[in-house]
Trainee: 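My questions all concern the structure below.
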Amino acid sequence: MKKRWIGVAAGVAVLGLVATGFVILTSPQDPKPHTPPPRSTAEVVRGDLSEQTLVQGNLGYTGERAISGGAGTLTSVAPPGSELSVGGELFSIDNRPVLLFTGALPQWRAFELGMERGPDVQQLEASLAALGYFWADPDDVFDENTRVGIRLWQEAMGREITGEIGMGEIHFAPGPLRIAAAKLEPGAQTAPGTEIVRVTELGKHVEINLKLAQQRLAVVGAPVEIELPGGAKTTGKITAVDPPREPEQSEQGGDTTPIVPVTVVLDNPDDAKSIDRATVRVSFTSETREDVLSVPVGALLALPGGGYGVEVVAPGATGTAGTKRVAVETGLFAGGLVEITGEGIDAGTTVVVAEA
């Protein structure tokens, strides 16, 4: 009797397993419907398309150079970072200030009655006029008007009143200057030709070494865009393109591949006013296509027979319904866009863009 109950129980257990197995095999979860990859649309745009080439450059002040003094003891020097206009004091030797005057020619002779006429006289008189000590029209003749102007200036400056200006008493520069560095401290002994300060102009420029293959980008007068540290952007123009040369060893670590030095001047130096020196990125326009149709590169489809096409959304269709493929010819690729032409493709045409 006991054995019989064991058999019945075993049979029930087997039936339970079979039933359970049957339920698992015959009751699968309902499959989820297939979801196509997300897609968006964009309109074909007509306009100019430009290809940009991005290179690194070094931002700094323009025209850095040295100013030397005569023999004596350096008694004062303008602090680094200071900006000087006409009449500003660069430094003094034996307590005699050397002042900034405006002019393209350097001082190459003393100014005094009886000297030969010349453009340096005219720029001297123009500087005296800017300071308020000369009232005639500046010309290239040193006459009594010039002498009187010098005497008035000397009196105002507390100098010995002679009506003459000796060598080294003034320094001509085309415009205002900035003191980049003082090479000597007050108390130092100087001799003719001793470098006392290094100066720059107030403008900013970027020095760039293009590869020889990029030489076509370097066109004097061409505009560029400059990305400053922190991401701010400003503009500039190419002002100089030097002949190709081999780089200095320190520049390329021994690489002798020729480079093309290019100088870019900022249109608005105040955009980089707080930056002394920095590495920046410069964007050159390498090619421009005017009045063309373009779409995002993601709109291009590879066609089975070769070439490219786009999926055009029919007018009035919602989402991406009602589309058709249209073969297109591609042109310039630039900034994530591509130039296209194709049958029925015009500005405002809606195309499907595959999302990345």
Side-chain angles (χ1 to χ4, degrees), residues 57-70 74-107 120 122-134 138 149-150 152-154 156-159 165 168-188 190 193-207 226 228-230 232-237 239-240 263-280:
N58 295 312
L59 172 69
Y61 282 92
T62 302
E64 183 169 338
R65 60 190 182 280
I67 296 179
S68 302
L74 184 66
T75 49
S76 69
V77 62
S82 56
E83 297 180 358
L84 306 179
S85 57
V86 59
E89 182 178 326
L90 293 159
F91 52 84
S92 64
I93 296 176
D94 294 341
N95 212 31
R96 291 178 60 84
V98 176
L99 305 181
L100 177 64
F101 275 29
T102 302
L105 289 174
Q107 186 188 11
D120 54 339
Q122 186 169 15
Q123 64 188 29
L124 169 67
E125 292 177 349
S127 292
L128 290 171
L131 293 170
Y133 304 114
F134 189 84
I150 293 174
L152 291 172
W153 169 70
Q154 289 172 331
M157 297 299 299
R159 291 174 176 249
I165 297 178
E169 294 185 41
I170 59 175
H171 177 85
F172 283 115
L177 295 179
R178 169 184 171 274
I179 304 296
K183 306 303 291 184
L184 295 175
E185 296 292 331
T190 63
T194 300
E195 184 176 312
I196 297 177
V197 292
R198 293 195 67 83
V199 299
T200 70
E201 299 170 13
L202 303 188
K204 297 286 182 70
H205 77 295
V206 180
E207 295 179 347
I226 303 158
L228 303 171
K233 294 183 178 180
T234 187
T235 58
K237 286 184 176 59
T239 57
T263 301
V264 169
V265 172
L266 272 63
D267 293 330
N268 187 4
D270 285 345
D271 289 344
K273 188 175 182 179
S274 62
I275 304 171
D276 191 351
R277 295 178 182 273
T279 299
V280 296

Trainee: For Glu169, give me all partners under side chain to side chain contact (heavy atoms under 4.5 Å, CB included), at least two apart in sequence or on another chain.
Mentor: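 Checked Glu169 against side chain to side chain contact (heavy atoms under 4.5 Å, CB included); matches are Arg96, Arg159, Ile165.
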
Trainee: I need the minimum non-hydrogen distance between Gly87 and Leu99, along with the two atoms involved.
Mentor: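 What the structure gives for the nearest pair is O-CD2, 3.9 Å.
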
Trainee: Main chain of Gly175, side chain of Glu201: is a donor-acceptor contact present, judged purely on distance under 3.5 Å?
Mentor: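 Answer holds: no.
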
Trainee: Identify, with sequence neighbours excluded, every residue that meets side-chain hydrogen bond (donor to acceptor under 3.5 Å, both in side chains) alongside Thr190.
Mentor: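 With neighbours one apart ignored, the set is empty.
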
Trainee: Taking side chain as C-beta onward, heavy atoms only, is Pro79 less than 4.5 Å from Ile179?
Mentor: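 Result no, sub-4.5 Å side-chain heavy-atom pair not found.
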
Trainee: Apply side chain to side chain contact (heavy atoms under 4.5 Å, CB included) to Lys233 and list each qualifying residue two or more places apart in sequence or on a separate chain.
Mentor: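 Lys233: side chain to side chain contact (heavy atoms under 4.5 Å, CB included) contacts with Glu225, Glu227.
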
Trainee: Is it true that Ser76 and Ser92 share a donor-acceptor pair across their side chains at a distance under 3.5 Å?
Mentor: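 A donor-acceptor contact under 3.5 Å links the two side chains.
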
Trainee: Could you measure the distance from the CD1 atom of Ile196 to the CD1 atom of Ile93? Nearest 0.5 Å is fine.
Mentor: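 The distance works out to 4.0 Å.
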
Trainee: Working to the nearest 0.5 angstrom, can you tell me the gap between Leu59 CG and Thr279 OG1?
Mentor: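 Leu59 atom CG to Thr279 atom OG1 measures 9.0 Å (nearest 0.5 Å).
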
Trainee: Taking the side chain as everything from C-beta on, heavy atoms only, tell me whether Leu84 gets closer than 4.5 Å to Val199.
Mentor: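 Contact flag for Leu84/Val199 side chains = no.
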
Trainee: Search all heavy atoms of Pro80 against all heavy atoms of Ala180 and return the closest pair with its distance.
Mentor: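 Between these two residues, the closest heavy atoms are CB-O, 4.0 Å.
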
Trainee: Measuring from Lys237:NZ to Asp267:CG, what's the distance to the nearest 0.5 Å?
Mentor: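 Taking NZ in Lys237 and CG in Asp267, the distance rounds to 4.0 Å.
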
Trainee: Looking only at heavy atoms, what is the nearest atom pair of Pro106 and Phe172, with distance?
Mentor: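 Here Pro106 and Phe172 meet closest at C-CD1, 4.1 Å.
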
Trainee: Once you round to the nearest 0.5 Å, how far does CZ of Phe91 lie from NZ of Lys183?
Mentor: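 Separation between the atoms: 14.0 Å.
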
Trainee: For the OG1 atom of Thr200 and the CG atom of Asp276, what is their distance to the nearest 0.5 Å?
Mentor: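 Between atom OG1 of Thr200 and atom CG of Asp276 there are 8.0 Å.
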
Trainee: Do you know the tightest heavy-atom contact between Ala173 and Leu100?
Mentor: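 Smallest interatomic distance, heavy atoms only, reads CB-CD1, 3.6 Å.
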
Trainee: Heavy atoms only: give me the nearest Leu228-Asp271 pair and the separation to one decimal.
Mentor: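 Closest approach of Leu228 to Asp271, heavy atoms only: CD1-O, 3.5 Å.
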
Trainee: I'd like to check the side-chain hydrogen bond (donor to acceptor under 3.5 Å, both in side chains) partners of Ser68; sequence neighbours left out, ordered by chain and number.
Mentor: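 Counting only residues at least two positions away or on another chain, Ser68 forms no side-chain hydrogen bond (donor to acceptor under 3.5 Å, both in side chains).
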
Trainee: Rounded to the nearest 0.5 Å, what separation is found between the CZ atom of Phe101 and the CG atom of Leu128?
Mentor: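 The distance works out to 5.0 Å.
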
Trainee: Give every donor-acceptor pair under 3.5 Å between a side-chain atom in residues 60-67 and any protein atom, sequence neighbours left out.
Mentor:
residue, atom, partner, partner atom, Å
Thr62, OG1, Gly203, O, 3.3
Thr62, OG1, His205, ND1, 3.3
Glu64, OE1, Arg277, NH2, 2.8
Glu64, OE2, Arg198, NE, 3.1
Arg65, NH1, Gly63, O, 3.0

Trainee: For Val98 and Ile170, work out which heavy atoms get closest and say how close.
Mentor: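 In this case the closest contact between Val98 and Ile170 is CG1-C, 4.2 Å.
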
Trainee: With no hydrogens and no angle check, is any side-chain donor or acceptor of Ser127 less than 3.5 Å from a backbone partner on Thr102?
Mentor: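 Side chain of Ser127 to backbone of Thr102, a donor-acceptor pair under 3.5 Å: yes, one is there.
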
Trainee: What residues form a side chain to side chain contact (heavy atoms under 4.5 Å, CB included) with Leu202, not counting sequence neighbours?
Mentor: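 Once residues adjacent in sequence are excluded, the partners of Leu202 under the side chain to side chain contact (heavy atoms under 4.5 Å, CB included) criterion are Glu83, Pro176, Arg178.
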
